[in-house]
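Down below is the structure, laid out as structure tokens.
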Number of protein chains: 2
Amino acid sequence: MPKEKLDFDGLCRERHLAATHQRRIIFQAVTAAPGHYSPEEIYEVVRKQIPSISVATIYKNLKTFVEAGILHEVSPHHGSLRVDPTLTPHHHLVCRKCKSITDIDAKFLDPVRLRRAPKGFKIEQFAVDILGTCSKCAKQSAH
Amino acid sequence: MPKEKLDFDGLCRERHLAATHQRRIIFQAVTAAPGHYSPEEIYEVVRKQIPSISVATIYKNLKTFVEAGILHEVSPHHGSLRVDPTLTPHHHLVCRKCKSITDIDAKFLDPVRLRRAPKGFKIEQFAVDILGTCSKCAKQSAH
DNA sequence: GTATCTGCAAAAATTTTGCTAGTAT
DNA sequence: ATACTAGCAAAATTTTTGCAGATAC
């Protein structure tokens, strides 16, 4: 029995998600190779196996997978461009539930340092997103 | 003479950008207070002072400001949601020019560590975006 | 059997584009 | 004078929604 199928069904069972055919194929499409796929790219791949699939199903399930922790977002996607006037070095606390963003001064973090320089990439800046749950959301889900 | 105006005109001169009225007001709107504004939010604020402003102008100028380094993006905005199948700890090299994303194993980075815990925020994960220029883009702008 | 999920189509939201007139340098 | 920029309207993208029928548990 193929390993992926086992994994996927197990993952779904753990998180009380229905292991539907569409979800299985979407998951396979995303995990077939490392990459940083957009919903549109995944749609095009999945469509080859399930021509009747709809983009809405891709979106709904990617969201579901991310919320369930089965997949990750590349960087927190805030729905639209977000611009930041603060030019002093700082990073961001990002709440996974309410998507709120809070600044945290860079001096509260040990300086980010590479142990091995990536070949051919000229580093200009480190941006750290600290993902988690803000106090407001923690209270709400506490009871 | 107000400090902001001086700063803004100087910034524009340095980067060979025309210091237009619209840009000045947009810049003031963004820098009035720390925050993480969307184009729509900025539009609503600027509209109070320049009712004839258009959303397109907001978008064009935010993009211009970000490219010029006058403002920062909160986290790299990739145009659409991007999903990542790699669950082993890793971070991302993001090219500012071509927006390409490359994985870098977490063990090539000194572990991210907080010196002071943020009050009330439950940390779940650190995501580091290493911003810079990839080798391909470096070559293109070299000559 | 019941709750959940899919497909569809339509709407909403976000972002880009082309062009003309206006403005900064 | 020249190059750049703003406004406008329209299009292109991206994402969400509501609901009827289908599917998983």
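Letters go in sequence order (proteins before strands), and every chain restarts at 1. Both backbone and side-chain heavy atoms feed into the values below; hydrogens, waters and symmetry mates do not.
- Residues A/F8 and A/T31 have side chains not in contact (no heavy-atom distance under 4.5 Å, counting atoms from C-beta outward).
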Exercise for the section: Assign a letter to each nucleotide of nucleotides 20-25 of chain C from its 5' end: B, base within under 4.0 Å of a protein heavy atom; S, sugar-phosphate only; -, no contact. Expected result: ----SS

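- Taking atom CD of residue A/Q22 and atom C1' of nucleotide C/dT4, one finds them 12 Å apart after rounding to whole Å.
- With a 4.5 Å cut-off on side-chain heavy atoms, A/T86 and B/H72 do not count as touching.
- Partners of B/H36 according to the ring pair (Phe, Tyr, Trp, His ring centres under 6.0 Å) rule, which considers only residues two or more places apart in sequence or in another chain, are A/H92.
- Direction change of the helix axis from one end of the helix from C/dG1-D/dC25 to C/dT25-D/dA1 to the other is 50°, with five pairs defining each end axis (rounded to 10°).
- Of the residues in residues 59-75 of chain A, those with a non-hydrogen atom less than 4.0 angstrom from any atom of DNA chain D are A/Y59, A/K60, A/K63.
- Residue pairs meeting the salt bridge (charged side-chain N to carboxylate O under 4.0 Å, His left out) criterion with at least one member in residues 52-75 of chain B, sequence neighbours excluded: B/E73-B/K99.
- In this entry the distance linking CD1 of A/I26 with P of C/dC5 reads 12 Å, nearest Å.
- Listed by first and then second residue, the salt bridge (charged side-chain N to carboxylate O under 4.0 Å, His left out) pairs involving residues 101-112 of chain B are A/R113-B/D110, A/R115-B/D110 (not counting sequence neighbours).
- Among the heavy atoms of the strands lying under 4.0 Å from A/S52 are primed sugar atoms or P, OP1, OP2 only; no base atom is included.
- Distance CZ (A/R23) to C1' (C/dG7): 14 Å, rounded to an integer number of Å.
- Residues B/P76 and A/V74 have side chains not in contact (no heavy-atom distance under 4.5 Å, counting atoms from C-beta outward).
- In this structure, NZ in A/K119 is found 13.5 Å from CG in B/L93, a value given to the nearest 0.5 Å.
- First and last contacts of DNA chain D with chain A, using any nucleotide atom under 4.0 Å from a protein heavy atom and ordered 5' to 3', fall at D/dT14 to D/dC25.
- Within the 4.0 angstrom heavy-atom criterion, only backbone atoms of the sugar-phosphate kind lie near B/S80; the bases stay farther away.
- Sorted by first and then second residue, the ring-ring contact (aromatic ring centres under 6.0 Å, His included) pairs with a member in residues 101-133 of chain A form an empty list; sequence neighbours excluded.
- Inter-residue side-chain proximity for B/I130 and A/L114 is flagged as met; some heavy-atom pair is nearer than 4.5 Å.
- Residue-level contact check: B/H77 touches the backbone only, with heavy atoms under 4.0 Å from sugar-phosphate atoms and none from bases.
- By the 4.5 Å heavy-atom criterion applied to side chains, B/V30 and B/L62 are counted as neighbours.
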Nucleotide N/O to protein N/O under 3.5 Å, stretch nucleotides 9-11 of chain C:
none

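- Between B/R24 atom CZ and B/D7 atom CG the span is 12.0 Å, to the nearest 0.5 Å.
- For A/H77, the ring pair (Phe, Tyr, Trp, His ring centres under 6.0 Å) partners at least two apart in sequence or on another chain are B/H77.
- The distance from the CD1 atom of B/I25 to the CG atom of B/N61 is 12.0 Å, given to the nearest 0.5 Å.
- With sequence neighbours left out, the side chain to side chain contact (heavy atoms under 4.5 Å, CB included) criterion links B/S38 to A/S80, A/R82, B/E40, B/E41.
- Note that CD1 of B/I104 and CG of B/L109 are 6.5 Å apart. Values are rounded to the nearest 0.5 Å.
- Annotation for A/V94: hydrophobic cluster partners, listed by chain and number, are A/L131 (ILVMFWY side-chain heavy atoms under 4.5 Å, direct or chained).
- The nearest whole Å value for the distance from the CD atom in A/Q49 to the P atom in C/dG7 is 13 Å.
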